[in-house]
4 protein chains.
Amino acid sequence: MQVSEHRRGPVRSEAARIAILEATARLFETRGYDQLTMEGIAAEAHVGKQTIYRWWPSKSAVVADCMVEGLLLREYMSPPDTGDLRVDLTAWVDGILTFLEHGGASLVKSLVAAAIDQPSIGDRLGEALGINHLLNARLESAIDAGQFSPTRPTQSFARALVGAIVLLALADGPAEPGAAGQLVDAVLG
Amino acid sequence: MQVSEHRRGPVRSEAARIAILEATARLFETRGYDQLTMEGIAAEAHVGKQTIYRWWPSKSAVVADCMVEGLLLREYMSPPDTGDLRVDLTAWVDGILTFLEHGGASLVKSLVAAAIDQPSIGDRLGEALGINHLLNARLESAIDAGQFSPTRPTQSFARALVGAIVLLALADGPAEPGAAGQLVDAVLG
Amino acid sequence: MQVSEHRRGPVRSEAARIAILEATARLFETRGYDQLTMEGIAAEAHVGKQTIYRWWPSKSAVVADCMVEGLLLREYMSPPDTGDLRVDLTAWVDGILTFLEHGGASLVKSLVAAAIDQPSIGDRLGEALGINHLLNARLESAIDAGQFSPTRPTQSFARALVGAIVLLALADGPAEPGAAGQLVDAVLG
Amino acid sequence: MQVSEHRRGPVRSEAARIAILEATARLFETRGYDQLTMEGIAAEAHVGKQTIYRWWPSKSAVVADCMVEGLLLREYMSPPDTGDLRVDLTAWVDGILTFLEHGGASLVKSLVAAAIDQPSIGDRLGEALGINHLLNARLESAIDAGQFSPTRPTQSFARALVGAIVLLALADGPAEPGAAGQLVDAVLG
DNA sequence: GCTTAATCGAGACGGTACGTCAGGTCTTGCG
DNA sequence: CGCAAGACCTGACGTACCGTCTCGATTAAGC
């Protein structure tokens with residue numbers, strides 16, 4: 001006795017959906033969030049503007065879906081595990097700071113801009129930058145190794161680390177040498 | 001032997017400068033950074049658009065000057081000093097999180113948006129949120145009291161704390177109870 | 001020995017055809033030709049857009065069919081016959097001008113608009129406004145009564161009368177009093 | 001002691017006004033009224049869309065101004081005066097019908113379309129097609145020559161003639177030979 | 001006091017992108 | 001295979017701001 005709310009007529013075109021998300025990712029990475037326009041996406045994806053507006057309410061929602069689909073910041077570095085937490089975190093942070101100085105800052109800033117009107121982007125942002133990896137893998141490992149107190153909230157710890165990195169990205173100045181070590185020392189104690 | 005390039009004619013109108021900054025602050029707080037427009041500022045300040053463009057290159061520069069003049073986030077909270085660093089930081093963070101939940105989040109988000117195209121706003125933002133006070137006053141005091149290691153970089157520590165708060169503001173969800181304590185525990189060790 | 005080109009499947013739905021024409025007539029009279037849209041007709045008739053496009057090439061063709069079916073301007077006035085042609089024509093023109101001043105002008109303008117991209121509508125328009133009646137009935141009668149020269153082309157005469165009325169409808173200003181009499185005097189001599 | 005309601009600020013750009021009207025006339029004559037778009041005019045005139053909307057409420061208003069400026073149907077044929085009214089009118093009508101058959105019909109239809117939402121265009125249309133010339137010159141002359149009764153309203157007479165021509169233009173079929181003579185006979189008596 | 005030049009409020013200008021509407025075509029599943 | 005429904009691409013709509021330029025009025029230093 002299934003109620004089966006069946007709808008006649010054409011269904012959403014998967015091709016259009018993919019084309020829009022890929023075009024968005026492409027333009028986002030080359031132009032940044034501010035230069036990203038709905039008209040630009042439509043043109044790049046060879047799609048009518050209405051097809052975008054039919055399924056997404058705003059530019060930031062499209063970007064959010066891009067992140068959900070993993071089209072932005074696809075693979076980000078997870079911290080190594082040499083057995084020494086402090087050394088590993090420092091190396092990881094240092095890698096990110098180097099990335100920021102080589103053009104990554106504008107990408108992060110664009111993502112923050114997108115996150116401002118689409119909170120779900122912020123969640124994915126943290127996740128993409130490694131919160132989950134830090135949390136689930138490296139910190140657990142450190143707890144096992146007795147290098148991180150089991151009573152310390154790992155997620156908040158990760159958030160503080162990522163938050164500091166975001167602030168550095170916004171500040172735009174080149175990080176001074178040793179910034180990674182200082183940051184890890186500061187939060188690790 | 002200064003040639004004294006003296007300029008004839010009227011000088012910059014202080015009244016216009018003030019009117020513009022105040023109008024900007026007024027609109028920023030009511031509408032947010034995105035809704036803020038140069039035309040809106042000009043109209044609100046009863047000023048010609050050119051008068052704004054003559055002295056500021058962009059919307060974010062005007063907002064930056066507003067912060068410098070202390071017209072935005074005028075009064076911020078500085079951490080108390082009861083002698084117990086952990087308790088004081090927790091109380092301070094908790095106050096900020098409460099502020100965020102009562103409308104402060106959108107203000108912070110607007111400031112972050114402004115900071116994205118004007119890094120100096122980011123500096124002022126951190127400062128306004130208490131980095132300096134934390135740094136110069138409370139942490140020094142904690143070091144004196146033996147509650148904070150002198151080798152720990154206080155500025156990086158503060159940045160991590162503020163960064164975590166900013167991420168929470170972007171996330172937009174209500175902070176779970178005990179978030180302040182968790183955060184302080186996480187970074188303090 | 002007809003090969004009987006038998007077509008499989010259902011034939012054209014008369015119900016759909018009627019629904020479309022009636023919906024068109026309904027919308028035409030309430031909204032006018034410009035506001036009339038294919039989407040509007042489809043929605044009003046509970047019909048797929050494709051069903052309209054399958055059978056009519058354009059909006060104006062649908063409107064033309066409406067006229068052919070007599071769904072628009074169904075009842076129009078025919079000139080009376082009191083024996084005095086001048087008096088009868090004046091009364092008839094006066095009736096039409098009064099109709100124009102009471103909302104009829106926009107209907108006529110819509111019909112003219114439709115006629116522009118569908119000449120057959122123009123023919124029906126003239127017919128509907130009375131050309132045929134004038135022609136076939138009243139003028140013949142006048143010729144019999146010796147009030148209209150048999151050598152005068154009745155159809156051209158009717159066209160001039162209707163054309164003047166159309167121009168008055170387009171002009172949109174209220175006709176001055178006595179306009180009907182003046183017009184009849186002008187063309188009748 | 002003039003009160004001189006002086007307005008500060010820039011004044012309307014005559015260059016832009018001219019460019020818009022000329023672009024409109026150009027496009028109107030090549031594409032017709034329906035194909036005419038505000039965006040097309042703006043592009044053709046190298047002008048921002050807003051500059052058009054600032055001064056004209058609609059497409060038809062722009063076209064109306066074009067007619068007022070005499071950029072459309074600039075000089076139209078006025079009837080000759082050989083002394084014989086019937087012959088002159090017939091020649092004049094015949095000239096117009098010939099023009100209609102050689103592409104003029106679409107121009108007239110476009111003007112009628114424009115007149116539908118801008119009655120002032122209708123006035124100019126009649127005027128451009130010769131109503132005034134007919135009225136003020138030829139008919140007066142005919143009255144003097146005793147070929148036209150002084151009691152016959154010349155303006156209504158002209159309107160009937162032009163109206164008949166407009167209906168013929170809408171009908172789109174080629175006028176049958178002798179149509180001009182028939183029309184003149186019909187209205188002249 | 002007169003000249004001169006930079007300021008001011010106001011707002012028109014050429015543009016870009018917005019979000020909406022409708023056009024005409026194509027696709028889906030039902031009858 | 002016609003039908004209702006509706007997604008698709010296209011293109012114009014009218015609006016909001018952008019940053020620049022142009023007015024005439026005002027203002028203050030220099031002659």
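So that the names make sense, note that chain A is the first sequence line, chain B the second, and so on, each numbered from 1. Computed from a predicted model, the values in this text were never measured in an experiment.
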Completion exercise
Residues of residues 45-54 of chain A with a heavy atom under 4.0 Å from any atom of DNA chain E, listed by number, are Lys49(A), Gln50(A), Tyr53(A)

Handout entry: Beyond-backbone contact of Met67(D) with Leu72(D), side-chain heavy atoms, under 4.5 angstrom
Key = yes

Handout entry: Test side chain to side chain contact (heavy atoms under 4.5 Å, CB included) applied to Ile52(B) and Met38(B), step by step
Key = CA-CA 8 Å; Ile52(B) 307 182; Met38(B) 291 301 237; 3.9 Å; yes

Problem - Residues, nucleotides or ligands: over 12 heavy atoms within 6.0 Å of Arg54(D) CZ - result: yes

Practice task
May I ask you to say whether Glu22(C) pairs ionically with Arg17(C), meaning some side-chain N is under 4.0 Å from a carboxylate O?
Solution key: no

Practice task
Quickly work out the Trp56(A) CH2 to dG19(E) C1' distance and round it to whole Å.
Solution key: 16 Å

Problem - Leu21(D)/Glu69(D) under side chain to side chain contact (heavy atoms under 4.5 Å, CB included): CA gap, chis, key distance, verdict - result: CA-CA 9 Å; Leu21(D) 291 178; Glu69(D) 302 277 312; 3.6 Å; yes

Practice task
Return each pair, listed once, that meets side-chain hydrogen bond (donor to acceptor under 3.5 Å, both in side chains) where at least one residue sits in residues 35-45 of chain A; pairs must be two or more places apart or across chains.
Solution key: Arg26(A)-Glu44(A), Glu39(A)-Lys49(A)

Exercise for the section: Tell me whether the OP1 or OP2 atom of dG6(F) has a side-chain N or O from Trp55(A) closer than 4.0 Å. Expected result: no

Practice task
Establish, for the pair Lys59(A) and Tyr33(A), whether the NZ or CZ atom is under 6.0 angstrom from the six-membered ring centre and no further than 45 degrees off its axis.
Solution key: yes

Exercise for the section: Kindly indicate whether the side chain of Cys66(C), heavy atoms from C-beta on, has any atom under 4.5 Å from the side chain of Phe28(C). Expected result: no

Exercise for the section: Under 4.0 Å from any atom of DNA chain F, heavy atoms only: list the residues of residues 16-44 of chain D that qualify, in numerical order. Expected result: Thr37(D), Met38(D), Glu39(D)

